[in-house]
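For reference, the structure discussed in these notes is given below.
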2 protein chains.
Amino acid sequence: MPQARTPQTRAPEERAYHHGDLRRALLDAAVALIAERGTAAISLRDLARRAGVSHAAPAHHFKDKSGLFTAIAAEGHRLLAASIEAEAVPASKELLEMGVRYVRFALAHPAHFEVMFQPGLLRRDDPDLRAAQAQTGELLRSGLPLGTPVPDAESSALAAWSLAHGFATLCLSGNVSRFIGERDPADAFRDIVRASP
Amino acid sequence: MPQARTPQTRAPEERAYHHGDLRRALLDAAVALIAERGTAAISLRDLARRAGVSHAAPAHHFKDKSGLFTAIAAEGHRLLAASIEAEAVPASKELLEMGVRYVRFALAHPAHFEVMFQPGLLRRDDPDLRAAQAQTGELLRSGLPLGTPVPDAESSALAAWSLAHGFATLCLSGNVSRFIGERDPADAFRDIVRASP
DNA sequence: CTCGAATCTTGTCGTTGACAAGTTCGGTTT
DNA sequence: AAACCGAACTTGTCAACGACAAGATTCGAG
């Protein structure tokens, strides 16, 4: 008795009319391509070809190109929030450890990170994106020691964020390797923080 | 006796076959457009239309799109070097002051800054770009107090660069205004440095 | 079983980047 | 002054893309 064929059990070459999870396939292909060749090299038709669907299929999941980028950015914010939330750390090292995780996230998910901070590609009013942004914003704020003696706690937070963000950005644009060589960037980041003025 | 008409004295509507300084006109239009709508909104044909020339004219000055972006990035590096070199500062505040100028440059020339750090858009092997990059690299290194007692001088430099770069990037992507409101970002940056761990 | 909605298809239009080949101009040589 | 050469700019063309419209297929709720 032949097993009923779900989309998942079909051989790749005999594609079903319905893909199964086209949205995810497109997102994954886009992320891989962005990491390799940058956002400028992305074309919806190319992604459709790679997924084995027609050139207009992506529009049904993302409406248009900015919809695709917006979805990636929102996913990036959720991934970042998950990375930071992962495990608790001693309160004294909270800011440093959050920076380390921020850097790790950026290097582990360069495509997401790149898209997240290119507002020109995004639909800034997208509700899903706004929710995801709010989630990470909340989390970054929570890293501040609550009754901190620092005169301006917000300045500290912004300083830490700037440092981590700048380091991550410079890493991804290839401007740091000449300083740190083959070392683990996250370790290098700890040194950086220690050496910061 | 009618004055000989150079391209500069012609009325705009009776365009000469030769533009006069098409290269500069294209660069200026591109920079303005990038600052307004981002690099993704740039099209060589649109720039040609705005300059009043045919759709293939830009190729003669920049070869292709990446050539245009590469020229903008190189110009950005030269502008940055000029901003930093402008005037001498007390050696004790050199690193801080360099950071302030870095931030000021990024906010004054957002389009150049954006292009400079998007390697996917550039011809990394372009000799003019490489020369301009080397010039700023040299200058950033020169900001380090020479006989500094700090164990790792390079870490200090990278820390300062990361802080300034991150702050500038976050400003340009609209993630800082909620912290600093209407204040001058350069002033805010001084506070940030003071509050950094 | 029926029917509506979600998913995917084919078809089309205007725009773009890139290339090829021809035209006009400016300056330099003769 | 005439001839010439290279630079600057032109028109023409092609494949690829984004976006939209309209039709086909499938899924699932009732």
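Numbers restart at 1 for each chain; the letters A, B, ... are given by sequence-line order, proteins then strands. Since the model is a prediction, treat every value here as computed from it, not as a measurement.
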Across the strands shown, which category fits B:Arg23 at heavy-atom distances under 4.0 angstrom: base, sugar-phosphate, nothing?
nothing
What nucleic acid atoms does A:Leu47 come within less than 4.0 Å of, heavy atoms only: base, sugar-phosphate, or nothing?
nothing
Hydrogens and angles aside, do A:His112 and A:Glu75 bring a side-chain donor and acceptor to less than 3.5 Å of each other?
yes
Taking the side chain of B:Val53 as its heavy atoms from C-beta onward, which of D:dT10, D:dG12, C:dT9 lies nearest to it?
D:dT10
Of B:Lys65 and B:His60, whose nearest nucleotide on DNA chain C comes first from the 5' end?
B:Lys65
Interatomic distance, B:His55 NE2 vs C:dA21 C1' [rounded to whole Å]:
12 Å
Find the distance B:Leu44:CG to C:dC19:P and express it as a whole number of Å.
12 Å
So what does A:His61 touch, heavy atoms closer than 4.0 Å: a base, only the sugar-phosphate, or nothing?
sugar-phosphate
What's the CG-P distance between A:Leu26 and D:dG18, to the nearest Å?
12 Å
Quick one: which of D:dA19, D:dT11, C:dC8 gets closest to the side chain of A:Leu22?
C:dC8
Please determine whether a side-chain nitrogen of the Lys or Arg among A:Asp128 and A:Arg78 lies less than 4.0 Å from a carboxylate oxygen of the Asp or Glu.
yes
Taken to the nearest whole Å, CZ/B:Arg45 to C1'/C:dA18 is 9 Å
Do the side-chain N and O atoms of B:Ser66 and B:Arg123 include a donor-acceptor pair separated by under 3.5 angstrom?
yes
Roughly how far, to the nearest 0.5 Å, is CG of B:Leu47 from NE2 of B:His55?
14.5 Å
For B:Phe62 and D:dA8, give me the distance from atom CZ to atom P, rounded to whole Å.
11 Å
Give the rounded distance in Å between these two atoms: CG of A:Asp46 and C1' of D:dC17.
11 Å
Gap between atoms CZ and P, on B:Arg123 and C:dG17 respectively (whole Å):
15 Å
Select base, sugar-phosphate, or nothing to describe what A:Ser54 touches, counting heavy atoms under 4.0 Å on all strands.
base
Would you indicate which nucleotide in C:dA18, C:dT9, D:dT11 comes nearest to any side-chain atom of B:Ala56?
D:dT11
May I have the distance from A:Asp64 (atom CG) to D:dA21 (atom C1'), rounded to whole angstrom?
16 Å
Let's see if you can work this out: which of D:dC9, C:dG17, D:dA19 has an atom nearest to the side-chain heavy atoms of B:Ala57?
D:dC9
Which is more 5' along DNA chain D, the nucleotide nearest A:Arg49 or the one nearest A:Lys63? Just name the residue.
A:Arg49
Can you find a side chain N or O atom of B:Ser43 that sits less than 4.0 Å from OP1 or OP2 on C:dG17?
yes
I want to know whether B:His109 and B:Phe105 have ring centres closer than 6.0 Å.
yes
